Number of protein chains: 2
Amino acid sequence: MFARPQVSVVKGGLVPVSEGSSPTQADVATLAGVSSQTVSRVANSRTNVDEATRGRVLSAMRQLGYRPNTAARALATGKFRMIGVISFALNAHGNARTLQAISSAAQDSGYSVNVIAVRASTGGAVREAFSALAAQAVDGIVLIEAQILDRPDLDLPHGVPVVIADGDLDQRFPSVDNNQALGARAATEHLLGLGHETVWHLAGPEDSYSARRRADAWRAALTAADAQVPPVSHGDWSAQSGYEAGRSLAARQEVTAVFAANDHMALGLMRALVEVGRVVPRDVSVIGFDDVAESGCFQPPLTTVHQDFEEVGRRCVALLLDEIAGCAAPGAVSTIPMRLVLRSSTAPPRSAAADGACSGPGDVRAGAG
Amino acid sequence: MFARPQVSVVKGGLVPVSEGSSPTQADVATLAGVSSQTVSRVANSRTNVDEATRGRVLSAMRQLGYRPNTAARALATGKFRMIGVISFALNAHGNARTLQAISSAAQDSGYSVNVIAVRASTGGAVREAFSALAAQAVDGIVLIEAQILDRPDLDLPHGVPVVIADGDLDQRFPSVDNNQALGARAATEHLLGLGHETVWHLAGPEDSYSARRRADAWRAALTAADAQVPPVSHGDWSAQSGYEAGRSLAARQEVTAVFAANDHMALGLMRALVEVGRVVPRDVSVIGFDDVAESGCFQPPLTTVHQDFEEVGRRCVALLLDEIAGCAAPGAVSTIPMRLVLRSSTAPPRSAAADGACSGPGDVRAGAG
DNA sequence: ACAGTATGAACGGACACTTGA
DNA sequence: CTCAAGTGTCCGTTCATACTG
């Protein structure tokens, strides 16, 4: 029972303790002349503290630059006030915007955000990310872009609240979704409405739920309109992949309208069309998906489907916080509407005006497959 | 000294404790038949544990799905194994990529990442973000895009290791930088080398260090080549702003070469040029900055300066970890090289072949200012 | 009695010592 | 005397409970 070695002794007077390490509740208490218990009450804005006392404590806190130690608080309460976000490719446009929104919303609710960028989609990496880092110091988890869940071996730890953004297929978790089907249908119907006999589709990767949902809706819209369903090409969301897939599309004279699963692939496709001398939208109409900020400056400005990623992020946080609070709706799906943004990359098919000149299959350059 | 209420009693046998809450060190200890101290030793891979014992503990941990409680560990060690990242606009291309890289690198070193997206650049918001959230549960901080630091009233908390990515001007903190000057100079010299009399500049926002550095290097390159320095226009990095600023540029017949401070503004500029019927690169050469993934699919494919954001992220983490470890180099600046990517948006000026036809100032549409 | 405030035990782990071979 | 394992107390907060005026 000697003098405790660590705690700086401020017995004497009102010397502000300003050593290297941050001040503790006890330091504040000493300075304010109250017990640390009272400081805790003030820090958590409890009721039963005298106004004058509260004021003293508050000013002591300010003077010392006191910040409650989150680790200690977390240990004591079992709550971390932190949400985890797991995502592939944070640099992907939509994911980045969603993350930004999540971060803002979390801050507003006094939560901080722990991001994990999963590099490979190897099941192990995801699970490890999940359990190792997130499950521990986090009150809940948002999973963005969840082809992750595709692999059935990935059992998410139960007990930890989870929300899936844009990717769930089963109903195990609440999820927030852009209304992909609505958007894709609107896009397809827009092109059909312009008079195109059918609409081709440049889809996203096969293991992406978003991509799959867009493709399904496209197919359904075509079928509903009694239009033929052409074979789909797949890209990986990148402009480059859109260009590569676009070359075959561009070579087929019968292609007059293409719905690309995102704006960047649409850009690549348009590049491919330019290269073979087909002009958009005169010869081929192109429609994108996402409405990335710069799509209005594409050449030509791209007609596309606008997604509200900010709203997705906000709702994810709201849902997750509900789950954390205990008022969980197990399979709740929150759906965000999308809208078509009309610009200049779509038009009625040329054939509507003058047909006939269309040369036969001899003109087709790439493989007929 | 009654039975402790919380800790589940596993006295009897080897019943795996699988209640709702996660197992503790003590649970593992009980199951393995050792003291919790030994479990701690195994968890931290200390040497002085018998191999057989270690094995027993390890299997007990596995059986229980034990994960050390990060809060408790942080409280005991004073280390959080977490780095904070503060950034404006996470959705901005470069920032997102840097964050992605930071996240990967941090994971590799066993750190997790706490992101804070600062919404407004109001000094208060930043400081609050900084001290309130980050300074607390974090071992160090990476600041991305630091016009933040511009305001002198923002005193970063001392004691917390900080690294600045792409934005420091003073030498208070170690920083990692793309070699903006090199890239901007290369871009300018490339255009000059093609025979353009001078190069115009579409700069980024005035309060961005990156933008400023690029503009400075452009100016220096011009001066070094005895070329006139035209007035600069400013955008906000967005394609839209590039378009708006680009309209004045496009209207001036004397503009034959423009260096845009990023690819998206270059895209907007090209759009503006198209609208007045000037073709790139025949009438005007355009060069961008960033080399965003899709710039090769622009119309025409954009010549630009490639930035290695991944390397920036990696180095930020490395530097920060050094600082945390104590081997800090106060004003260390780590610079990443950039390289020019030649595509199809630049060419010798048209006047080099045939001039004369250039109509006078009467043709200029927008204000001459 | 009642308002406020002080007290001591967790929370789960790490570490400096101490003890047992 | 060395190496394995155990004991005790602290990290900074919260919370239930006991205590003052």
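Residue numbers begin at 1 in each chain, while the letters A, B, ... track the order of the sequences. Model, not experiment: these values are computed from the prediction.
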- Looking at B/Ile324 and B/Gly140, what are the two nearest heavy atoms and their distance? CD1-N, 4.2 Å
- Query: So, for A/Ala96 and A/Leu90, which heavy atoms are closest and what is the spacing to 0.1 Å?
  - Reply: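 Here A/Ala96 and A/Leu90 meet closest at CB-O, 3.2 Å.
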- Task: Take B/Val39 and B/Val34, measure what side chain to side chain contact (heavy atoms under 4.5 Å, CB included) needs, and give me the verdict at the end.
- Result: CA-CA 8 Å; B/Val39 177; B/Val34 297; 4.0 Å; yes
Is there a donor-acceptor pair closer than 3.5 Å between any side-chain N or O of [X] and the backbone N or O of [Y]?
{"X": "A/Ser109", "Y": "A/Tyr111", "result": "no"}
{"X": "A/Asn114", "Y": "A/Ile83", "result": "no"}
{"X": "B/Glu323", "Y": "B/Pro161", "result": "no"}

- Kindly say if B/Ser35 contacts the phosphate of D/dT7, meaning a side-chain N or O under 4.0 Å from OP1 or OP2.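 Looking at the OP1 and OP2 atoms of D/dT7, neither is under 4.0 Å from any side-chain N or O of B/Ser35.
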- Message: With a 4.0 Å cutoff (strictly under), does any side-chain N or O of A/Ser36 reach OP1 or OP2 of C/dA6?
- Response: no
Rounded distance in Å - [atom1] ([X]) to [atom2] ([N]):
{"X": "A/Glu51", "N": "C/dT5", "atom1": "CD", "atom2": "P", "value": "11 Å"}
{"X": "A/Lys79", "N": "D/dT13", "atom1": "NZ", "atom2": "C1'", "value": "16 Å"}
{"X": "B/Arg56", "N": "D/dA4", "atom1": "CZ", "atom2": "P", "value": "14 Å"}
{"X": "A/Gln25", "N": "C/dT7", "atom1": "CD", "atom2": "P", "value": "14 Å"}
{"X": "A/Asn69", "N": "C/dC11", "atom1": "CG", "atom2": "P", "value": "18 Å"}
{"X": "B/Arg67", "N": "C/dG13", "atom1": "CZ", "atom2": "C1'", "value": "16 Å"}

- Message: Determine whether A/Ile116 and B/Gln107 satisfy the following criterion, side chain to side chain contact (heavy atoms under 4.5 Å, CB included), listing intermediate values before the conclusion.
- Response: CA-CA 8 Å; A/Ile116 300 180; B/Gln107 263 178 266; 3.6 Å; yes
- Message: To the closest 0.5 Å, what do you measure between CZ (A/Arg97) and CD1 (A/Ile144)?
- Response: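 Reported to 0.5 Å precision, the distance equals 12.5 Å.
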- Side chain of A/Thr24 only, please: which of C/dG12, D/dA5, D/dG12 is the nearest? D/dG12
- Nearest to side-chain heavy atoms of B/Thr38, which nucleotide of D/dG12, D/dG6, C/dT5: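 Out of D/dG12, D/dG6, C/dT5, the nucleotide with an atom closest to B/Thr38's side chain is D/dG6.
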- Item | Divergence of helical axes at both termini of the helix from C/dC2-D/dG21 to C/dG13-D/dC10 - five pairs an end, 10° steps |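 About 30°, once rounded to a multiple of 10°.
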- Between A/Arg314 and A/Glu310, does at least one N-O distance fall below 4.0 Å, as a salt bridge requires?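 No, this pair does not count.
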- Task: Using the closest heavy atom to pick a nucleotide of DNA chain D for each, name whichever of B/Asn48 or B/Leu75 lands nearer the 5' end.
- Result: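 Result: B/Asn48.
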- Where each residue is assigned the nucleotide of DNA chain D containing its nearest heavy atom, which of B/Val49 and B/Ala72 is assigned the position nearer the 5′ end?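 It is B/Val49, whose closest nucleotide lies nearer the 5' terminus.
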- Query: How would you label the contact of A/Val34 with the nucleic acid (heavy atoms, under 4.0 Å): base, sugar-phosphate, or nothing?
  - Reply: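 It contacts sugar-phosphate atoms only.
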- Query: What one-letter contact string describes nucleotides 15-21 of chain C from 5' to 3', where B marks a base within less than 4.0 Å of any protein heavy atom, S marks contact via sugar-phosphate atoms alone, and - marks no contact?
  - Reply: BB-----
